Amino acid sequence: MQTAAIICATLLFGINQAGDSPEYDYSYSGPTGNQYNECHFPGSISNTGSGLCTTRTINRKDFYQGGDLTWEILTSVCTDLVRAGCADPDWEQGEEHNMTRDLVWDKEGIDWTVPTLTSNCGRCPRCKCNNGTEPSYYERDYTSFTTTTAFQTKICYECTCDYFYSEREDDGNYTAVFGRTCRGGNGILSEDNNATLNTWNSPSEFMEPIECPEEIYPLPDLTTGSPTPAPTGPTANCSDSDTGLNPNYYEPGQYFFLDDGNNCDTYCYCNDDAERECEQGWDAILNARGDEMKYSFLDSCAFRLYDAWDDTSRYWKANNSCRFSFTSGNNNCPYGLCADGVKPGDDAYRAIEYSGRDYNDDFTAQFEEYDCATCYCYDANGWPNFIDQNLTTCNTPNQYNQEDTAACTDEYLNCTTNWEAQAFSTYPSYYYYCGWTEMQVPDTFDPDTVCVESSYESGPSWGTQDRYLCEAWYGYEDLAESETGYCSVTDISFRVEKYDCIDKKWRGETQKVTISNMCCGSSPEGTPACNNQEPGKLALGDDNKCSSNSKIKDYYQTLYACQASNRGVSDEYMRQTYCGTALDAVDFDDSDAISNQVCDLIEQRWKWDTSCSCKANQKLEKMYGDSDYEDTVRESLQYTFDTSYSSLKYNLELWNEYYSCGKTFECDVDDDDANSLKISIMSILLIIFVNFF
């Protein structure tokens, strides 16, 4: 059979290349083909979707059973062969290990599970076995960079002897052929329905792992079956059903809706004696049994009530709503009707929503918290509710968790955009100014290596602008005193790099972007000066042209250059991230080997996720002045960084402690030399430009 390799490019012509290129990390598939004992396993590799201007796909078609097919290629496609114990990727094809002789391959015949002729080479070969052979078990142990939690994973597989196909004999009869198939993971039971196979992927699970079964259990007698035990209900919990149909059970201390077979407007508490204490009707639920029932109900149902949360006269639920069916949980919550005098089509209005409650440090006193929202009335007689009522709804609140409802009555700037179809207004909270932003790639920019310019084009967009950015770029005191706000049009350039999975190298070139930005904190008669403008140098008129801003240039060039690079992470991890190439194998019986790999992996993962945020915010921190307010901003940035990455850091520390890695995961925003974490309010920008796993 001839060796063949085909390269497909984004150019208007094809390129041929010899197929003996072991330096390529091919992905193999198959088997395919229609000639028994000559099954094909094609190999391919591409850099499509990489952001490179010219992309290629290389296909190899020369690997086939009885020819150039190796045990390494075969086992990379047919992984059950290794798990079932009849193959090893390090074997050499030959007399000692002959894949055609030692394995059972698909062959044309009748498959009784699918009564059609099976195609030759339609399925992976299997390990040979005889009907009735007992199960065997295999434990897979591997590491992965493309996760933020399960850096090391163990899976227990059970391999059973199953029917494969029926082979036609010379006399015209058929003989059943059997081969091993493997399965594993949480919730998968072995053939005896007793030994549960497991996946575990955290250090806490490794400490007391559930191992693969060591004992081989006898196969069950499938002809008789097993008796099904009679169902038993909990004896120390509360039922949510008065009808006796499909009850759900709740533990003492929990609240729940009661299935009364009618309106289901009864809310209950399961007391310490596992007895129900219930109130019927919305007023009684909010008032008759104290704050705990009230707040439990509101915590569950505020998502439907919006600004009607404290007015039970606006609660609505259809009569006999659960006469024929009952669903537990917040599906039983009422809807909020429109406010008196407000109808569909009226202007949006400011209102207060319940957002929860908070406690003092000693947990002895609590107070309600509110969101300041913009609400309007709509006709709900259509998708998704199909309710013949006018209901209230509110947009994403702009002032979260206020302690005093009076805060929502204060006059705030309206950052409504100049898009006439906007359904409701946008108001800035304490953390935002009004403003607009736009990013454009110059028309003259013509890349030939990395073509990602569309990633750096956005807007123009009007609305709220991050307070900490605006104050860093234009000055806290200057913004507070300005009647028009400040704008800028800044040209930046930075190097963008993309990994080429075929040639295993980074390719890059300089990217150019123009960033137009404006922030304003005051405006005549409540109309923001920085809205309803065309972003650009003349946004404030000929006499007040928007000029370049060195702080914006420094910040974005630092941020984007980092995001578009390898961030100091090794190519081994980049190949797994971008190319799907497995990490180098380690001997998992060697504790030092696995420890070294996991320790290196968690350090690299921290660097990949956090280095750009850290560098950008270190730039941002140095743009502030020396006022007490600006010192408070620095503290707030550090706190926001710490809390935003706390989950990732917690997971990394688990592995760090388990393997005694001695790594540190920190970022001091006031230290240029720090190389670790803390996300800023810029995380939204990072999400736009970074592929996150």
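Each residue takes its place number in the sequence, starting with 1. Reckoned from all heavy atoms, side chains included, excluding hydrogens, waters and symmetry mates. From a predicted model like this one, the values you see are computed outputs, not experimental measurements.
Tyr315 OH to Tyr335 OH: the interatomic distance, rounded to the nearest 0.5 Å, is 15.0 Å.
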message: Working note: Tyr354 + Tyr370, criterion ring pair (Phe, Tyr, Trp, His ring centres under 6.0 Å); need CA distance, chi angles, decisive distance, verdict.
response: CA-CA 5 Å; Tyr354 169 82; Tyr370 313 100; 7.5 Å; no
- request: Given side chain to side chain donor-acceptor pair (under 3.5 Å), test Asp283 with Thr312 step by step and report yes or no.
  value: CA-CA 6 Å; Asp283 282 319; Thr312 57; 2.6 Å; yes
- request: Report the C-alpha distance between Arg276 and Asp240 in whole Å, list the side-chain angles of each, state the deciding distance to 0.1 Å, and finish with yes or no for salt bridge (charged side-chain N to carboxylate O under 4.0 Å, His left out).
  value: CA-CA 9 Å; Arg276 294 190 310 232; Asp240 68 354; over 6 Å; no
Step-by-step side chain to side chain donor-acceptor pair (under 3.5 Å) determination, Asp307 to Thr392: CA-CA 7 Å; Asp307 62 314; Thr392 186; 2.7 Å; yes
task: Kindly determine whether Leu258 and Gln280 satisfy side-chain contact (heavy atoms from CB on, under 4.5 Å), including the steps that lead there.
output: CA-CA 9 Å; Leu258 181 68; Gln280 184 177 17; over 6 Å; no
- request: Given side chain to side chain donor-acceptor pair (under 3.5 Å), test Ser144 with Thr146 step by step and report yes or no.
  value: CA-CA 6 Å; Ser144 177; Thr146 55; 3.1 Å; yes
Worked check of side chain to side chain donor-acceptor pair (under 3.5 Å) between Tyr433 and Glu471: CA-CA 9 Å; Tyr433 287 90; Glu471 292 173 348; 2.8 Å; yes
task: Apply the test disulfide bond (SG atoms under 2.5 Å apart) to residues Cys562 and Cys612: give CA-CA distance (whole Å), side-chain angles for both, the deciding distance (0.1 Å), then the verdict.
output: CA-CA 5 Å; Cys562 178; Cys612 298; 2.2 Å; yes
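Pairing each heavy atom of Tyr255 with each of Ser296, the nearest pair is CB-OG, 3.2 Å. Minimum interatomic distance between Cys270 and Glu251 (heavy atoms only, all atoms of both residues): CB-O, 3.5 Å. Across all non-hydrogen atoms, the minimal contact from Gly536 to Val489 is C-CG2, 3.6 Å. Contact detail for Gly336 and Ala308: the closest heavy-atom pair is CA-CB, 3.9 Å. In terms of heavy-atom proximity, Pro334 sits nearest to Arg304 at O-CB, 3.3 Å. For the pair Asp265 and Ile285, the tightest heavy-atom approach, listed with the atom from each and the gap, is O-CD1, 3.7 Å.
Side chain of Trp473 to main chain of Tyr555: no donor-acceptor pair is present (N/O by atom type, distance under 3.5 Å, no hydrogens or angles). No donor-acceptor pair under 3.5 Å is formed between the side chain of Ser321 and the backbone N or O of Lys317. Not one N or O on the side chain of Ser488 forms a donor-acceptor pair closer than 3.5 Å with the backbone of Thr490. Between the side chain of Asp242 and the backbone N or O of Asp259, no donor-acceptor pair lies under 3.5 Å. The closest donor-acceptor contact from the side chain of Ser611 to the backbone of Trp608 lies at 3.5 Å or more, if one exists at all.
Counting non-hydrogen atoms of neighbouring residues, nucleotides and ligands closer than 6.0 angstrom, the CD atom of Glu477 reaches no more than 12 such neighbours. Summarising the local packing, OH of Tyr639 is surrounded by 12 or fewer heavy atoms from other residues, nucleotides or ligands at distances under 6.0 Å. No more than 12 heavy atoms of other residues, nucleotides or ligands lie within 6.0 Å of NZ in Lys537, so this atom counts as exposed by the packing criterion.
Between Leu286 and the options Glu279, Lys294, Met293, a side-chain contact (heavy atoms from CB on, under 4.5 Å) holds for only Lys294.
Using the six-membered ring where Trp is involved, Tyr486 and Tyr474 have ring planes that are parallel, under 30° apart on the 30 and 60° scheme.
Taking the ring centroids of Tyr560 and Tyr456, they lie under the 6.0 Å cut-off.
Under 4.0 Å is where a charged nitrogen must lie from a carboxylate oxygen, and between Arg357 and Glu369 no such pair does. Under the 4.0 Å criterion applied to side-chain N and carboxylate O atoms, Glu653 and Lys649 are not assigned as salt-bridge partners.
Pairs engaging residues 324-347 under the salt bridge (charged side-chain N to carboxylate O under 4.0 Å, His left out) rule: Lys343-Asp346 [sequence neighbours left out].
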